Amino acid sequence: MTEESLIALRAENLTKQVNSPEGALTILDNVSFDIDGGGSVAICGPSGAGKSTLLALLAGLDEASSGSVWLDGTELGSLDEDGRAALRARRVGFVFQSFHLIPALTALENVMLPLELDGANDPRQRARDTLAAVGLAERTRHYPNQLSGGEKQRVAIARAFAGKPAVLFADEPTGNLDSATGEKIIDLLFDLNREQQATLVLVTHDEQLASRCDRRIDLAAGRLVPDS
Amino acid sequence: MRSLARDFRAGELAVLGAALIIAVASVTAIGFLTDRIGQAVALQAAEVLAADLRVSSPRPLDPARMETARKRGLQTARTLSFPSVVFSGDDSVLTAINAVSEGYPLRGQVRIAPALLSEPAIIDGVPARGDVWLDTAVLARLGIDTGAQVEVGASTFTVAAVLTYRPDQTPGFTGLAPALIMNIDDIEATGLLGQGSRVSHAQLFAGSREQIRALAADIAPELPASARLRDRGDAGRELNDAISRAGRFLALASLVSLLLAAVAIAMSARRYAERRLDTAALMKSLGAPQRFVVISSLTQIVVIGIVAGLLGAFVGFGAERALSVVLSGLLRGDLPVPSARPLALGFGTALILLAGFALPSVLRLSTTPPLRVLRRDLSPPPPGAFLTYGAALAALVLLIYWSVRDVTLLVIIVGGTAVTGLVLFLVGRLLITLLSRGRSRVGVAWRYGLANIARRGSDSAIQVVAFGLGLMVLLILTLVRNDLLAGWRATLDTEAPNHFLINIQPDERAGVRDILVSNGLPAPEFVPLVRARMTRVDADAVGDRRFRSERGRRLAGRGANLTYAEQMSASNQLVAGVWWPAGYEGEPQVSVETEAARDMGVDIGNVLTFDIAGVQLTATVTSLREVEWDSFQPNFFMVFSPNSLRDYPKTFIASLKVPDDQRGALLKLVRTHPSVSVIDIEAVLDQVRQIIDKAALAVQSVFVFTLAAGLVVLFAAVQSTLDERRYESALLRTFGARRRTIFAGLAAEFIALGLAAGIFAALGASVVGGLAATQLFNLDYQLDPTLWLLGTLTGVVVVGLSGVLAAHGVVNTPPVRTLRAG
């Protein structure tokens, strides 16, 4: 194995600017770092520091103004939008603060969705197994509005892990949960991450949560805080 | 105004506007049409009679009356009209013959053209002797133009002009038969007049109002029961009744579009209000009073209402022009310019729809809690059920009453609409449930599409019904109608008679039989016919009697054709009472057709009195019969025992099957017996079919609005889900869905919805067709596969395309929105 292949994510001189009435606004300013495969990283910083923007760029949800992102060895700038989508379907999982389950689909169908988008074999059974792994074997036929907040986040976690992703992005995963439920969700997230050897990238401003990660990257006003 | 433009681009106001335009267009189109025709009728009430006063009768009228009138300074004229066949070589056309005297028409004008397709002009005068003016339709069917020779009865005439318009062309079947005008002095030589022939004699009078009133007062008491006196008022009333009935029916048809438009308006207004909640909350937090919030939104709605009202009226006006063209032939040309009343109707409709279906949502804005600026989940309390449903119901009742102007009908329609709406909605829901059952067996795009339909179950059902309804009616009017006509034709015995011979004088029977037999045709059976008018039922005069139905009044009041028979015809079946024994010579007995008896309120034991050429005949009803009318045998409402009618003046009729290659025999028959009229049943059926086709086309055009309204409901429903769809599209792309997959999901959703609407339409059309066939027409109904194919295909294509068109933008929502949402 080469050194390159051990790196799950690489950001190189990443800059994101948006146009505003007052002129160009720099949200991310020349950010570079590597994240090794298999570990967990917390991206921390105050509101407006550019955490979510960085996450969007790393996951290929948005395009950088300049700089490059390598995700699992692929340079995202070389892919078009559908190409990035295909890469996400194959290698990436997501957990969001507000769960983002599709209300029209059952818990099982929500978990099946990324598997099917990737054209995986036997998505139904795999989704069922993953739901059982997060303790929701009895809830497969429930719709999101029939689940509690904690249950919704478990479905979202099952959805994220079902496709055995190389990288899992989590955006404030406990933000909408009470602290006891949040605790359990975080345990689950870390357990599954360990089991599947995925790289966990966590955006949070919860210090306690950040401290559980192997490494943290601090952002302030769009720049990396040195020594983070 | 700037915010109006912005909100319009956001879509829901555009949908609201489109729904209003369709509603207003459909109402004004029908309004303009009935208004114009109504005006034309008012103008032409006198023209319809071609006189100020018209006396008509199946028997010759007293000529002394004309003399008296002339002496009093009135203008007079005389006409004779009857159906007969016009020949050119071997071709023949059944034509309404009008023989007119000098002076005709006393009111209105005749227009003729020198040749086919040339410009018509008003003509003052009547055809010269030996000349006739012929309708375009007759000329076209005979394949001739002016200058040609035609035979009418025993005479030959020159076609001197093309008849393009005559005033006393009444609506109805005889009014639609193509006409011929000849000089009354030529009529004797044709030999077409005989005792008891089906000629209508008319005397026309024109003069000042006082002269006419005095004349009418003098004439009325001395008229025989068979004669009819009509002045301008009567003529106008009759026509107006017929037209307002047709107008009401069309208005009801347009009501369906109105209802669907109302659904779309309610949907888009709801979304409009929801999108303005934040602004309203902000304005209130900054200190704006409730009034300000409401007025600023109401202004927008009212502007939309006015613009859409104007556009709708414009579209409606154009649609009316198109409808007039469709109905040409059923209506007369040269309709006057319409009044502004339909415009008021259209605008009124727009305002009522807005008030009933948009206002509750907009008013709700005023109760938006200002705290929403801090907590976005705070919404104003939903409008009270009373306000929402009360306003909608009030608007509906008002609109329906405006269309039908009849409280009983209003109650029936509102009740019927509620029940039908509920049943349709449940059928729609059932279809949706069935469809979504299939989603565990399909791919991700289809699963996502079907899941979307199932999630918005009620909205989806409304869309299925909204679109399916328009499609269903169109299917019924095209395919089912043709199937029924074809089915009916198929039941007609191929050996059934295809020609009637009428007006055969008693002494002509032997001659007619000889001609037919010598030409290889079977000897016909001659059925006697006596013209009469019913005057009493028991002791009640017919004129004073209350009838159970309009049809009963008409049946009893008009001239009746009576017959007598020793034995009952094979196409009749006794349902009550007993038939008279052979050789019966007792008191006169009559057997009445059972439906006519019911309509006239006549039963066994009633004594009916008839006026036959001034002589009274009284007979007791002793039996009721069912008649198979489509056997095309000569059949009668009233059949008497032979002894009762034998000695009255009569003619004979016969029916026979003439193969195409033996039609020459008919030509010989008419030449040797000119007073005998030959009626080609095929030609009559063709004319009936043409009338049905035109009427169906008119109703179809009205239902095109319904289809459009159904589509607007679809757009409104898609509009109201756009935010959700954008969010989900972004989410799906985050998980790695390609645009193609998301697009496929959308397409799957709308194709499935269209499929459901198509199934709904085909199902409804089959049920209606089946019921009509078995209950109304006694036909076997065969399920038509084209109906299902066309229904589902149209549903899938139209709904699929429109839905994808309305929602395709969401495919492009950038996935990064998932991180910003929530």
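Proteins come first, then strands; the chains are lettered A, B, ... in the order of their sequence lines, and each starts at number 1. What you see is a predicted model; the values in this text were computed from it and never measured.
The greatest number of non-hydrogen atom pairs below 4.5 Å with chain B, out of A:A86, A:G163, A:P103, A:A160, is found for A:P103. Of the listed residues A:V92, A:L87, A:D82, A:L57, the one with more heavy-atom pairs under 4.5 angstrom with chain B than any other is A:D82.
More than 12 heavy-atom neighbours from other residues, nucleotides or ligands sit within 6.0 angstrom of NE2 on A:H142. More than 12 non-hydrogen atoms from other residues, nucleotides or ligands lie less than 6.0 angstrom from CD of B:E274. Taking a 6.0 Å sphere around CG of A:D122, one finds it holds more than 12 heavy atoms contributed by other residues, nucleotides or ligands. The environment of CZ in A:R126 is crowded: more than 12 heavy-atom neighbours from other residues, nucleotides or ligands sit within 6.0 Å.
No side-chain heavy atom of A:D118 sits less than 4.5 Å from a side-chain heavy atom of B:F735. With a 4.5 Å cut-off on side-chain heavy atoms, B:Y448 and A:I102 count as touching. Using a 4.5 Å cut-off on side-chain heavy atoms (C-beta onward), A:L105 and B:R447 make contact.
No side-chain donor-acceptor contact under 3.5 Å links B:R733 to the backbone of A:E81.
At a 4.5 Å heavy-atom cutoff, the contact between A:R124 and chain B is made by side-chain atoms alone. Neither the backbone nor the side chain of A:R90 comes within contact range of chain B, judged by heavy atoms closer than 4.5 Å. Neither the backbone nor the side chain of A:F99 comes within contact range of chain B; no heavy atom of the residue lies under 4.5 Å from a heavy atom of that chain. Of the two parts of A:E109, only the side chain, counted from C-beta on, holds a non-hydrogen atom closer than 4.5 Å to a non-hydrogen atom of chain B. Neither the backbone nor the side chain of A:P123 comes within less than 4.5 Å of any heavy atom in chain B.
Within residues 736-745 of chain B, the residues having any heavy atom closer than 4.5 Å to a heavy atom of chain A are B:G736, B:A737, B:R738, B:R739, B:T741, listed by residue number.
For A:L113 against B:L732, the heavy-atom pair with the smallest separation is CD2-CD2, 3.2 Å.
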